[in-house]
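So the structure is just underneath, and the comments pick up after that.
Reckoned from all heavy atoms, side chains included, excluding hydrogens, waters and symmetry mates. A, B, ... follow the sequence lines: proteins, then strands. Residue 1 opens every chain.
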Amino acid sequence: MLELRDLHKRFGGFSAVAGVSFELPRGSIMAIIGPNGAGKSTLFNLITGHIPPSAGQVLLAGRDITGAPPYEICRLGVGRSFQRTNIFPHLSVFECIQAALIAHHRMGRNFWRRSETLYRAETEALLHSLGIADKADSPAGALSHGNQKQIELGIALASDPDILLLDEPTAGMSAAETHETIDLIARIARERGLTLLFTEHDMEVVFSIAQSIGVLHQGRLIALGAPEVVRADTEVRRVYLGERE
Amino acid sequence: MINRIPWVLVIFLVALWVPWYGSRFYTFLATDIAILALFALSLNLLLGYTGLVSFGHAAYFGIGAYTSAILMKTHGMPFAVSFPAAGLMAAAFALVFGYFCVRLTKIYFAMLTLAFAQIVWAICFKWNDVTGGEQGMPNVPYPDMSWMAAIPGLGGLRLGDQFYLLVLVLVALAVAALRRIVSSPFGRMLTVIRENPERAEFIGINVRRYQLAAFAVAGFFAGLAGALFGIFNRGVFPDFAYWTKSAEVLIMTILGGMGHFWGPAVGAMVLTLLNQQITSYTEYWPLILGSILVILLFGFPGGIVGALVAAGRRLTRRGNA
Ligand SMILES: Nc1ncnc2c1ncn2[C@@H]1O[C@H](COP(=O)(O)OP(=O)(O)OP(=O)(O)O)[C@@H](O)[C@H]1O
Ligand SMILES: [Mg+2]
């Protein structure tokens with residue numbers, strides 16, 4: 001489904017991503033873990049076209065999408081959420097999701113229909129499954145951090161992606177919120193048959209849903225494999241897991 | 001209660017009456033306001049809806065004015081041709097200039113719109129054979145309005161009054177189209193871009209292309225306003241495209257309130273009336289205008305309409321409590 005080939009990103013003289021390669025099969029769930037500044041967000045930015053790689057390739061279903069602009073990569077079925085919430089603050093929650101649906105259905109070229117009448121049922125269904133239907137009319141920017149994270153997720157899901165990249169979807173959430181959100185993500189991924197790539201600092205969460213785990217350290221993948229394998233890896237224990245225990 | 005009244009319709013009907021209860025002077029003012037309202041509303045498609053600050057919107061107003069004047073005066077074309085042509089020509093130029101502008105962001109975008117507007121101004125100023133150069137093109141003819149005589153009650157009106165009615169109807173149609181556009185899916189994409197252009201890309205929106213489309217549409221409507229203004233003004237002159245004209249329409253838009261569809265129209269009206277009133281008492285219009293702007297920017301950042309809407313909400317809340 002998604003394949004990275006020796007991906008590099010240098011900022012000036014600093015290598016944020018230094019030769020990452022892996023393959024993500026369709027329908028699988030993979031986590032990328034690693035300490036702060038390991039290059040996780042940068043890696044996501046490279047995959048989704050937010051920044052161009054210095055070297056290497058990104059392939060989506062065999063097709064080279066390296067350096068394509070974000071809107072094209074989105075249309076090819078790659079959705080993403082951001083670590084720092086990145087929504088449309090003055091629109092209502094409803095409008096945020098509805099706008100994403102309008103964009104997804106390529107209705108934006110229409111100058112004549114009334115936008116507020118479009119995709120109402122789909123918007124409501126998505127808000128329900130996210131559990132924020134009661135907040136539909138509030139301005140998105142006025143909600144709690146946790147709710148904004150859910151809107152963030154909703155906007156990404158509205159594009160009906162085949163593959164979803166979530167950059168710390170539970171960052172800043174309480175323990176209870178984290179569990180709810182992760183259950184939600186796992187359920188949606190299962191229902192829609194999504195391929196999921198996510199980063200997360202909460203190891204319990206990572207080991208509970210990921211089928212494979214990549215450990216990023218200073219821009220390199222130092223381990224990659226099934227959760228048990230990664231947990232047992234001595235280097236990982238040393239640079240990362242050990243650091244937290 | 002207040003919300004139930006179809007204000008826009010009421011204002012339109014009152015405006016239709018102006019030639020009958022007013023003097024020639026009121027018709028003059030009302031024509032000016034109607035045209036400038038369309039101009040300011042067209043700018044707000046960029047400013048308020050797409051989040052693009054244009055310092056050179058007068059370029060498209062000027063291009064529209066010259067296109068229509070040249071077609072009518074030099075080539076003897078009817079208004080029915082010159083009016084849409086003015087909009088299309090302005091949109092075509094906006095498309096070309098905008099292609100470069102949308103590649104830049106924020107203040108660089110604004111500076112480039114200004115640069116293109118100054119180029120347009122310089123061409124109008126120097127191209128004597130076509131634009132009349134510094135002297136402009138005086139005596140742009142009125143459209144043929146003899147057909148109005150067939151409508152009962154309109155036959156006896158002065159030409160200026162008839163033209164006002166024509167302006168009012170055309171502006172109303174143009175504004176209705178603009179209103180439709182901002183509430184269309186296209187308009188929603190523009191709002192999304194204003195809110196967060198970075199995120200907009202990640203829901204599949206080609207941000208630059210939409211910004212360019214908005215630029216061309218805004219140019220189109222500014223061109224229509226320019227065509228009307230050239231006839232109303234009985235001539236077109238290079239200063240239609242000068243930066244002070246761009247600043248004026250920017251001030252109208254902000255004064256009225258760019259967060260509300262009708263804000264810029266209110267701004268156009270208030271600024272025109274104030275200008276009329278104040279210049280008859282004092283020559284310090286720029287001083288007064290400056291002071292008003294300072295008060296506004298600090299006291300009412302949402303503009304006049306923003307302040308009214310907020311006050312209205314407070315009243316209804318008190319009414320409900
Ligand atoms: N645009 C940029 N310019 C320069 N350096 C950058 C840029 N973006 C990221 N970096 C650097 O690249 C490194 C990796 O950053 P990145 O955000 O990818 O880390 P991360 O693994 O997501 O960390 P965190 O867990 O804190 O989110 C950091 O040292 C960061 O300072
Ligand atoms: Mg990060």
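- For A/E72, no part lies under 4.5 angstrom from a heavy atom of chain B.
- Look at A/E23 and A/R5 and you find no salt bridge, because none of the NZ, NE, NH1 or NH2 atoms lies under 4.0 Å from a carboxylate O.
- The parts of A/A156 that come within reach of chain B are both its backbone and its side chain, each placing non-hydrogen atoms under 4.5 angstrom from that chain.
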Q: Walk me through it: do A/E200 and A/T170 pass the test side-chain hydrogen bond (donor to acceptor under 3.5 Å, both in side chains)?
A: CA-CA 7 Å; A/E200 179 59 63; A/T170 67; 2.8 Å; yes

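- B/V182 does not touch chain A: none of its heavy atoms, backbone or side chain, sits under 4.5 Å away.
- For A/L118, the part lying under 4.5 angstrom from a heavy atom of chain B is the side chain only.
- For the pair B/R179 and B/F261, the distance from NZ or CZ to the six-membered ring centre is under 6.0 Å and the angle to the ring normal is within 45 degrees.
- The heavy-atom pair separating A/H8 from A/L46 by the smallest distance is O-CD1, 4.3 Å.
- By number of non-hydrogen pairs under 4.5 angstrom with chain B, the leading residue of A/P69, A/P161, A/P89 is A/P89.
- Contact count versus chain B (heavy atoms, under 4.5 Å) is highest, among A/L76, A/L91, A/N110, A/I102, for A/N110.
- Among residues 131-149 of chain A, no residue has any heavy atom closer than 4.5 Å to a heavy atom of chain B.
- Exactly one residue among B/F221, B/F93, B/F215 makes a ring pair (Phe, Tyr, Trp, His ring centres under 6.0 Å) with B/Y60. That residue is B/F215.
- Heavy-atom distances place both the backbone and the side chain of A/T48 under 4.5 Å from chain B.
- Note: A/R113 leads A/R113, A/H104, A/M107, A/R106 in heavy-atom pairs under 4.5 Å with chain B.
- For A/R75 and A/Y71, the positive end is not near the middle of the six-membered ring at less than 6.0 Å and at most 45° from its axis.
- Side chain to side chain, A/N86 and B/E198 meet the donor-acceptor criterion of an N or O pair below 3.5 Å.
- Heavy-atom pairs under 4.5 Å with chain B peak, among A/A100, A/G79, A/C96, A/G49, at A/A100.
- In this structure, chain B has a heavy atom under 4.5 Å from the backbone of A/I87, while its side chain stays farther away.
- In this structure, B/F39 has its ring center under 6.0 Å from that of B/H57.
- With 3.5 Å as the limit, one finds a donor-acceptor pair spanning the side chains of A/Q83 and A/S41.
- Atom CZ of B/F300 sits in a sparse spot, with 12 or fewer heavy atoms from other residues, nucleotides or ligands closer than 6.0 Å.
- Minimum heavy-atom separation, B/R188 to A/S115: NH2-OG, 3.5 Å.
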